[in-house]
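All remarks here apply to the structure that follows.
One-based numbering, in listed order, for ligands and for the atoms of each.
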Amino acid sequence: MNSNCPVNLHACMDLITKLSRQAGKLIKSRIDQEKSIETKANRIDFVTETDLEVEKMLIEGIKNTYPSHKFIGEESFAAGTREKLSSTPTWVIDPVDGTTNFVHGYPNVCISIGLVIDCEVQLGVIFNPILDMFFRAIKGEGAYLNDEPIRVSDSKCLSDSLVSVEYGSLRTDEFTGIVNHNISYLAKHAHGIRSGGSAAWNLAMVAKGASDLYVEMGIHAWDIAAGDIIVREAGGVVIDPAGCHFELMNRRILAASSQELANEISPKLKQYFPEHD
Ligand code: LIP
């Protein structure tokens, strides 16, 4: 056990591995079935009964073992629960990252779970149960996909890179103008552009070296907590898109295979600063 860490991170990893695998079975069994779908902040911000059930399953499962821990879950947040990051271990959970994909039966759907202590992510799991891809990392111990070590690519410039982007779930003129500007700049100079429809998936792809860069502004802590540590443990960098220090609750992320690539891109981006989580 890390002497500076108030919890046994391996025991935490064992628990969320077991819980994610159970929850993954439910997601996989539901993806091709008819779903009950509601909207949250706007007409393209979806929630299904599976998001709600999986979040409950994960939070209850963790609480049974760690009753004093706190939770920031996508669906609990939408229902009004607000927690601040502190020295108390806090689980940051997206039960179904890529809900729009799930609604359409598109297989980029991930459970994303990060454990944060003192504003720093200590461990993370991203599990795509449809493709059976299980990504995990514990601080200082490397990143793994289905128990094999993974590493970011060696790309150091945009002209050698495959880039992941998202349109997000906001459709104001200001926001779409900024996203269109950034995507067209990246598309013009990169090998290609991909949009996975899940922040967790995009980050997992950077961690395994399949994508070289991912940038998004307007996402939430639960979309990116696990991916933050998985990318860093795979040798990548995670910064704020403006080039400064990454803050989990600021809703902005740039993940890259190298500091050189991150430094090249951030000054070229138009910036969008959403309200913090
Ligand atoms: C989604 C993200 C996606 C982002 C969307 C949304 P959800 O998460 O993973 O990358 O562009 O705005 O936040 O809502 O499917 O959990």
Could you check ligand 1 for N or O atoms lying under 3.5 Å from protein N or O atoms and list the pairs with distances?
unit_1   : atom_1 : unit_2 : atom_2 : d
ligand 1 : 8 (O)  : D97    : OD1    : 2.9
ligand 1 : 8 (O)  : D223   : OD1    : 3.2
ligand 1 : 9 (O)  : D97    : OD1    : 2.6
ligand 1 : 9 (O)  : D97    : OD2    : 3.2
ligand 1 : 9 (O)  : A199   : N      : 2.7
ligand 1 : 10 (O) : A199   : N      : 3.1
ligand 1 : 10 (O) : E216   : OE1    : 3.2
ligand 1 : 11 (O) : E216   : OE1    : 3.4
ligand 1 : 11 (O) : E216   : OE2    : 2.6
ligand 1 : 12 (O) : S169   : N      : 3.2
ligand 1 : 12 (O) : S169   : OG     : 3.2
ligand 1 : 13 (O) : D223   : OD2    : 3.4
ligand 1 : 14 (O) : E74    : OE2    : 3.3
ligand 1 : 15 (O) : G98    : N      : 2.7
ligand 1 : 15 (O) : T99    : N      : 2.7
ligand 1 : 16 (O) : E74    : OE1    : 2.9
ligand 1 : 16 (O) : D94    : OD2    : 2.8
ligand 1 : 16 (O) : V96    : O      : 3.3
ligand 1 : 16 (O) : D97    : OD1    : 3.2

Flag for D14-T17: side-chain donor and acceptor within less than 3.5 Å: no
Side-chain donor-acceptor contact under 3.5 Å, E60 with N64: no
Distance flag, aromatic centroids of Y185 and H189, threshold under 6.0 Å: yes
Cation-pi geometry met for R30 and F102 (6.0 Å, 45°): no
R252 to Y272 six-membered ring, cation-pi geometry met (6.0 Å, 45°):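 No, R252 does not sit over the ring of Y272.
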Polar side-chain atom of E233 near backbone of A143 as donor-acceptor pair, under 3.5 Å: no
